[in-house]
Amino acid sequence: MPSDHIANCVGRYLGRMANQTDLSPELLGYLREVSLRDDPILYELREETAALPAGAAMQVSAEEGQLLALLVGLTGARTVLELGTFTGYSTLCMARALPSDGRLVTCDITDRWPAIGAGYWRRAAVADQIDVRVGPASATLAALRAENGPSSFDLAFIDADKTNYRAYYEGCLDLVRPGGLIVIDNTLFFGRVLDADARDPDTCAIRELNAFLLTDTRVDLSVLPVADGVTLARIRAGGH
Ligand SMILES: C[S@@+](CC[C@H](N)C(=O)[O-])C[C@H]1O[C@@H](n2cnc3c(N)ncnc32)[C@H](O)[C@@H]1O
């Protein structure tokens, strides 16, 4: 099909009323009521994190954490890579979804935040499966490539500094096996992607990554309007 015909079809679709339900605070409350499966370890880590400056905004939401756990289970992942640990909530959700011989490598620029998560990981009996790397995510990606070679992870979750997202995506594309999944957080970036006046480096980096991903034939793609936007990129066979 000619590409201008496809562009016209997409253009007509974009102009239509969206068949997407607006998520009011009340509806989000209902969604949580009917879907969240909480427990004291998750709850207490969320509470401790929420008491930190910007803690709640940094941490994935409870429903996103539950989605990440589901994705780990769905993909049958045994090896998971996370960029951006913070206090380890997403780490905890994903690690608990791994099989007993599964392994999760997570990295953060500082050890201050992962140290908070460590106690909760121990309580959840997954601490032994979690390997924390402290330092820039770019250095961790290079080290993991040297240690394990390409295609050594089943799933990667990108949730660190936004300006390097494109580089992290390329690094993960190399480290995750064909058929594996790259999950990228904050791809709607608080709605700022739509604001033409928003020209800060973080918003620009997210916009550019989103535009690039649409054309990247190495992956199958879906952007979920969950939390702050969660992009799923599944690496196609031969997608490296
Ligand atoms: C949004 S938070 C991650 C939240 C975490 N996934 C969770 O659910 O709790 C981003 C984290 O990335 C870390 N970070 C920032 N720049 C980084 C870099 N260059 N390399 C690695 N981590 C970085 C920050 O210290 C912060 O803890």
Side-chain angles (χ1 to χ4, degrees), residues 32 36 38-39 41-72 77 80-98 104-121 123-124 126-127 130-145 153 155-172 175 181-190 192 200-203 205-206 209 224 226-232:
R32 289 178 168 158
L36 274 187
D38 214 5
D39 63 57
I41 305 177
L42 293 171
Y43 174 78
E44 287 167 32
L45 178 51
R46 287 202 309 275
E47 288 293 296
E48 184 169 351
T49 304
L52 299 170
M58 295 269 275
Q59 183 178 73
V60 300
S61 65
E63 55 272 19
E64 186 177 348
Q66 193 167 307
L67 170 68
L68 289 169
L70 186 71
L71 292 173
V72 169
V80 171
L81 169 61
E82 175 179 61
L83 307 182
T85 319
F86 191 42
T87 60
Y89 188 81
S90 45
T91 319
L92 175 62
C93 293
M94 292 190 288
R96 294 211 302 191
L98 283 169
L104 187 153
V105 178
T106 185
C107 87
D108 205 286
I109 195 86
T110 168
D111 63 1
R112 183 173 171 197
W113 311 125
I116 293 174
Y120 294 88
W121 302 338
R123 278 175 62 190
V126 290
I130 298 170
D131 173 3
V132 182
R133 308 281 178 109
V134 177
S138 52
T140 300
L141 286 166
L144 290 170
R145 179 65 158 79
F153 287 87
L155 185 149
F157 177 51
I158 302 177
D159 191 19
D161 51 315
K162 311 308 163 203
T163 49
N164 284 313
Y165 260 31
R166 175 65 196 281
Y168 297 158
Y169 171 69
E170 292 298 333
C172 289
L175 279 174
L181 188 67
I182 301 176
V183 184
I184 311 169
D185 201 22
N186 305 109
T187 48
L188 297 179
F189 212 49
F190 312 103
R192 289 173 66 80
D200 59 282
D202 286 347
T203 308
I206 296 278
L209 177 69
L224 306 181
V226 171
D228 191 26
V230 179
T231 292
L232 306 182

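Just so you know, ligand 1 is whichever comes first in the structure, and atom 1 is the first atom listed for that ligand.
Close contacts of ligand 1 with Gly135, meaning ligand atoms under 4.0 Å from a residue heavy atom, involve 20 (N), 21 (C). Remark: ligand 1 atoms within the under-4.0 Å shell around heavy atoms of Pro136 are 20 (N). Those atoms of ligand 1 with a heavy atom of Phe86 less than 4.0 angstrom away are 2 (S), 3 (C), 4 (C), 5 (C), 9 (O), 27 (O). Taking every non-hydrogen atom of Val60 and a distance limit under 4.0 Å, the qualifying atoms of ligand 1 come out as 7 (C), 8 (O). Each of the following atoms of ligand 1 lies closer than 4.0 Å to a heavy atom of Gln59: 7 (C), 8 (O), 9 (O). When each atom of ligand 1 is checked for a heavy atom of Thr85 under 4.0 Å away, the hits are 5 (C), 7 (C), 9 (O).
Ionic pairing of Asp200 and Arg192 is present here: one or more N-O contacts between side-chain nitrogen and carboxylate oxygen are shorter than 4.0 angstrom. Using a cut-off of 4.0 Å between Lys/Arg side-chain N and Asp/Glu carboxylate O, Asp39 and Arg96 are scored as salt-bridged.
Judged as a salt bridge (charged side-chain N to carboxylate O under 4.0 Å, His left out), the pairs with a partner in residues 45-62 (not counting sequence neighbours) are, in order, Asp38-Arg46.
Taking atom 7 (C) of ligand 1 as the reference point, the nearest protein heavy-atom neighbour is Ser90 OG, 3.3 Å. Nearest to atom 10 (C) of ligand 1 among the protein's heavy atoms is Asp159 O, 3.1 Å. Annotation: atom 25 (O) of ligand 1 to nearest protein heavy atom, Asp108 OD1, 2.6 Å.
Using modelled atom types, no side-chain atom of Thr85 and backbone atom of Gly88 make a donor-acceptor pair closer than 3.5 Å.
Residues passing the ring pair (Phe, Tyr, Trp, His ring centres under 6.0 Å) test with Phe86, sequence neighbours excluded: Trp113.
Val80 places none of its side-chain heavy atoms less than 4.5 Å from the side chain of Thr106.
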